[in-house]
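A short write-up of the structure that comes next.
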Amino acid sequence: MLRLFVGGVLCHPGGNMCGIIGIYDPEGKAAPKAALLLAKLQNRGPQGTGAVSIDEEGLLHEVRGPGLVEAVLGAPHILSSLRGSIVTGQVRYATFGETIQPLVGYWKGRRDQPIIVAHNGEFGNAISLRREAQERWQYQFQSTSDTEVILPFLEYARESDFKEALLDVVRRKIRGAFSLIIFFGGKFYCIRDRHGVRPLVVGRNKEGVVAIASEDSALRVLDVEDVRYVDAAELLVVAPDGIEEEICWAERDRKSCIFEHVYFANPDSDIEGINVSLARDRMGAIAFEEIGWRYDMDVLIPILDSGLHPTLGLHEALLDYAVLHGEKLVPLKAGVHRSWFVGRTFQEQEQATREILQRVKSSVIAAWVRGKRVWVGDDSLVRGTVTRAITALMRLAGAKEVHWIIFSPPTIGFCPYGVDTYQDELIAARLKDIDAVRNFIGADSLHHLSIDGLYRAVTEAVSPYVRTKEEFCAACFTGRYPIPFEQDRTEKPRPGENLTINDSR
Ligand code: SF4
């Protein structure tokens with residue numbers, strides 16, 4: 001294990017599981033529309049919000065802050081300070097550090113030629129690139145973000161044309177998972193890594209508003225009907241009147257993140273043609289095929305909100321079976337109340353914060369569980385925080401038995417492609433044995449959808465495209481990582497700690 005201390009500052013390659021957007025508004029009022037898009041993508045990052053606009057004189061206006069879109073951009077005077085027809089923005093779920101994007105650099109060092117970058121994903125070789133930029137150009141990094149490593153390689157590019165410089169950087173330099181929205185010289189450059197790990201879409205509505213976002217459900221907020229998915233290994237150059245150029249910049253090898261379908265994405269989004277709600281519904285139906293009819297189920301309860309859709313799928317399969325075989329109808333009840341004023345606790349960085357917020361966020365309604373054999377459905381079991389707390393609340397409320405059905409396989413591996421997980425915090429990886437995990441969460445039984453079942457759910461969901469399981473990354477469930485990465489993710493670094501490169505790969 002090689003320890004690296006880069007440039008005298010804490011450098012973490014920790015990437016960004018984020019929502020990113022770009023807007024061009026011909027009426028010159030891009031900021032309110034940008035705020036709507038970002039709010040729709042809040043599921044992808046509740047920890048920070050950032051937006052950068054360019055006005056008609058080419059001046060930049062920036063607003064960034066911790067918290068939800070409403071808190072950072074909600075005030076009218078803030079929105080009106082983001083003047084101009086162009087906005088690039090981000091909602092942030094950082095794996096580490098404090099940097100809120102978009103980042104700003106300058107082409108060939110010229111202040112009148114800003115480069116604005118919003119990134120969803122994680123550069124797998126950020127530590128090496130940071131060291132190279134410091135050694136070659138004595139580049140002074142302004143942040144600890146992995147995203148910033150792209151700026152020196154663009155700023156000092158040999159090419160005189162920005163597009164060519166960008167293509168050279170993505171082909172020869174950066175590796176990993178990235179969906180990028182880059183604004184430069186009046187155009188957006190929308191680009192995805194050659195595996196297409198994170199989603200990205202482009203569209204234009206009847207009023208001529210050009211919108212780019214991580215998920216298509218955000219574009220529909222602005223009545224964009226014609227959505228174009230940016231493909232893996234694709235660069236779309238987007239001008240104010242629409243897509244100007246489409247370039248396939250590398251050999252395509254799709255490895256779309258399967259966890260987007262399990263947890264991250266909005267259920268009303270389509271990811272490359274696969275509707276997230278339909279895929280989740282299939283996860284439930286296939287889970288029924290795997291666990292079969294259950295005589296020990298008095299009531300079925302979904303965990304909101306990403307556990308809802310697969311639990312509905314499971315319940316429909318249960319009803320079909322009951323009708324066909326003359327069994328009792330198992331009721332589906334909203335037995336766990338979710339406070340909508342607490343965000344997604346999975347994305348909080350500190351375990352203590354997650355646990356406290358979880359108690360505020362979820363409460364059990366005793367009337368639905370008292371004296372019953374309760375089955376609870378949830379999308380995933382990562383750290384065990386939610387599952388353990390809810391099991392305890394169920395027992396306090398008088399449940400006779402508590403059984404869990406998880407609509408994804410045990411999470412045995414961290415994600416080096418933008419999701420904030422470290423190996424030592426994954427309960428299935430730590431305890432290794434499913435019965436030990438069941439014991440840890442205090443449940444009477446614990447069932448997982450199999451990896452084959454999960455692949456079936458995403459490939460069998462109705463889609464205009466035929467997808468195979470080989471086109472998905474499922475590394476956090478299989479331990480097979482399709483893209484090399486250099487950082488060690490055994491345990492989460494604490495502020496002030498050096499970072500490590502895992503030299504075992
Ligand atoms: Fe998605 Fe898991 Fe792959 Fe990360 S490791 S990209 S969360 S499937």
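Each ligand, and each atom within it, is numbered from 1 in the order the structure gives. For the single chain, residues carry numbers from 1 onward in sequence order. What you see is a predicted model, and the numbers here were worked out from it, not measured in a lab.
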Notebook entry, point to check: Considering residues at least two apart in sequence or located in another chain, which fulfil the side-chain hydrogen bond (donor to acceptor under 3.5 Å, both in side chains) criterion with Y229?
Noted result: D216

Note to self: When you measure from the side chain of R388 to the backbone of F440, do you find a donor-acceptor pair of N or O atoms at a distance under 3.5 Å?
What the structure shows: yes

Note to self: Among residues at least two apart in sequence or on other chains, which ones pass side-chain hydrogen bond (donor to acceptor under 3.5 Å, both in side chains) with K187?
What the structure shows: E244

Next item on the list: Only pairs at least two apart or in different chains count here, so list each salt bridge (charged side-chain N to carboxylate O under 4.0 Å, His left out) that has a residue in residues 454-464.
Entry: R282-E460, E289-R456, R456-E460

Next item on the list: Output, by chain and residue number, all protein N/O/S atoms separated from atom 3 (Fe) of ligand 1 by less than 2.8 Å.
Entry: C473 SG

Checklist line | Charged N-O contact under 4.0 Å between R280 and D379 | finding: no

Notebook entry, point to check: For ligand 1, which part of R198 has a heavy atom less than 4.0 Å away: the side chain, the backbone, both, or neither?
Noted result: side chain

Item checked: Electrostatic pair R198:D193 at N-O distance under 4.0 angstrom -> no

